[in-house]
Visitor: 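Before I ask anything, here is the structure I am working with.
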Amino acid sequence: IVAVKVFHSRVMLNPSKLKILQREFVIIRQLRHEHIVQFLGHGIVGNLLYFVFEFVDGITLKDFISAQAGRVSLTELAAIFLGVLDGLAYAHRARLSTRTSNGVIREWEGIIHRDLSPESILLARGANGWIAKLTDFQLSKTFEDAGITDITTPEDMLGRPMYWPREQLTHYKYLNPATDVFSAAAIFYEALTGKWVREGFHQLIQKGRQGGYTPSMSDYMTVIATRPVVPIRERIAQIPEPLARVIDRALREKEIPQDDRSIQKELRILRYPDAGVFRENLLKAFQEIGVGASN
């Protein structure tokens with residue numbers, strides 16, 4: 001049994017675009033970890049693209065949060081989120097390779113997700129509870145690199161702006177693992193508090209419902225550009241201080257230099273350099289406040 005996700009392009013896919021897609025999928029297929037949904041392959045029929053994944057017997061984190069009335073207890077969330085960061089840390093440090101168009105093998109360390117959201121985290125039913133599994137690595141970037149922007153997906157949009165840091169708007173081509181750190185922390189924040197990290201998203205969606213329209217991407221971008229992250233203890237004062245300190249650091253933002261070398265350095269210092277370091281600090285906070293979670 002496998003899972004198949006289908007995407008429809010309103011434009012026909014030319015051979016050069018298909019080669020770019022295939023190179024990207026070779027990279028994604030190399031990710032093999034218990035907390036990552038295994039990508040098994042892809043195919044194209046006309047202008048339909050389909051992707052084959054490991055079948056996960058479970059639910060999305062989004063549905064799990066909804067079933068908990070919008071907020072998950074810290075005890076229940078701890079093990080789930082450490083699993084998320086374990087898979088993400090593996091991806092950030094994995095040795096990967098691909099063959100260029102002229103036949104040269106290129107190797108490098110790590111890949112980032114870019115579009116983390118509660119929908120891209122699946123929870124599989126395990127013997128001892130839920131097992132978190134990440135899916136949809138670099139899917140939006142893969143389409144963009146192939147020049148395929150006119151895509152209809154099963155979701156409203158590939159990315160989830162509620163979980164984006166500002167550099168995802170201003171420095172999209174130069175993101176690094178610290179961007180995923182922000183998105184992961186924003187998901188954890190929402191699961192704990194029942195609120196998004198910024199004010200403005202809820203009001204934007206409500207205004208759209210009342211006016212009978214769907215907010216545009218530029219509407220979301222305005223919120224991200226103008227509304228700072230709300231410290232987690234301003235949402236819920238009872239969040240333990242050691243945990244709040246780790247989450248708030250993972251969500252730091254500032255004006256970042258335009259050149260790509262500076263942004264790489266600035267983001268690593270600003271937050272945590274990758275999901276592995278974030279996980280280590282989160283685990284220490286759990287231990288300090290007496291929250292049980294496997295390491």
Side-chain angles (χ1 to χ4, degrees), residues 1-5 22-42 51-64 76-98 105-142 158-160 163 175-188 191 250 268 271-284 286 293-295:
I1 300 176
V2 297
V4 180
K5 180 175 283 191
Q22 289 162 354
R23 286 200 300 269
E24 294 287 345
F25 295 145
V26 165
I27 297 169
I28 299 170
R29 196 166 184 171
Q30 293 172 54
L31 298 177
R32 295 179 179 273
H33 190 273
E34 64 175 327
H35 292 294
I36 295 177
V37 176
Q38 180 64 48
F39 175 67
L40 301 174
H42 73 285
F51 306 93
V52 184
F53 296 91
E54 162 196 0
F55 175 74
V56 176
D57 179 18
I59 59 175
T60 67
L61 180 60
K62 179 180 179 180
D63 290 337
F64 181 75
E76 194 167 16
L77 191 61
I80 291 173
F81 206 69
L82 287 175
V84 168
L85 293 180
D86 194 25
L88 198 58
Y90 161 80
H92 287 169
R93 300 173 181 181
R95 294 299 303 175
L96 303 167
S97 65
T98 188
I105 299 296
R106 187 169 70 90
E107 296 185 346
W108 69 96
E109 181 177 303
I111 185 174
I112 62 175
H113 190 288
R114 287 179 173 262
D115 282 311
L116 283 171
S117 72
E119 291 94 328
S120 64
I121 298 171
L122 305 184
L123 300 181
R125 295 178 175 88
N128 299 311
W130 296 105
I131 301 171
K133 287 180 172 284
L134 296 163
T135 191
D136 292 345
F137 268 83
Q138 293 231 346
L139 206 54
S140 62
K141 181 179 182 297
T142 297
L158 288 174
R160 291 292 180 269
Y163 312 100
L175 305 183
N176 71 7
T179 301
D180 281 348
V181 165
F182 180 102
S183 298
I187 296 167
F188 190 39
R268 288 190 178 97
R271 299 175 195 138
Y272 298 105
D274 64 22
V277 179
F278 181 20
R279 187 182 188 278
E280 291 168 8
N281 282 269
L282 189 63
L283 183 58
K284 289 177 183 177
F286 287 154
S294 61
N295 58 12

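Note that these values count all heavy atoms, side chains included, but never hydrogens, waters or copies made by symmetry.
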Visitor: Test of understanding: with side-chain hydrogen bond (donor to acceptor under 3.5 Å, both in side chains), list the residues that count as partners of N128, not counting sequence neighbours.
Guide: none
Visitor: Just jot down the salt bridge (charged side-chain N to carboxylate O under 4.0 Å, His left out) partners of R268, sequence neighbours excluded, or say none.
Guide: none
Visitor: Using side-chain contact (heavy atoms from CB on, under 4.5 Å) as the criterion, list what pairs up with L96, not counting sequence neighbours.
Guide: I27, Q30, L31, A94, W108, I111
Visitor: For N281, check side-chain contact (heavy atoms from CB on, under 4.5 Å) against everything at least two apart and list the hits.
Guide: V246, Y272, V277
Visitor: Taking side-chain hydrogen bond (donor to acceptor under 3.5 Å, both in side chains) as the test, write out the residues that go with S117, two or more places apart.
Guide: E119
Visitor: Could you list the residues that satisfy ring-ring contact (aromatic ring centres under 6.0 Å, His included) with F182, not counting sequence neighbours?
Guide: none
Visitor: Under the salt bridge (charged side-chain N to carboxylate O under 4.0 Å, His left out) test, which residues partner R29, sequence neighbours left out?
Guide: none
Visitor: Under the side-chain hydrogen bond (donor to acceptor under 3.5 Å, both in side chains) rule, collect the residues that match up with T179, sequence neighbours excluded.
Guide: E167
Visitor: Test of understanding: with side-chain contact (heavy atoms from CB on, under 4.5 Å), list the residues that count as partners of A185, not counting sequence neighbours.
Guide: A250, L251, F278
Visitor: Restricting to ring-ring contact (aromatic ring centres under 6.0 Å, His included), what partner residues turn up for F39, sequence neighbours left out?
Guide: F25, F53
Visitor: With D86, which residues qualify under side-chain hydrogen bond (donor to acceptor under 3.5 Å, both in side chains), at least two apart?
Guide: none
Visitor: Mind checking what makes side-chain contact (heavy atoms from CB on, under 4.5 Å) contact with A124, not counting sequence neighbours?
Guide: V56, I131, K133
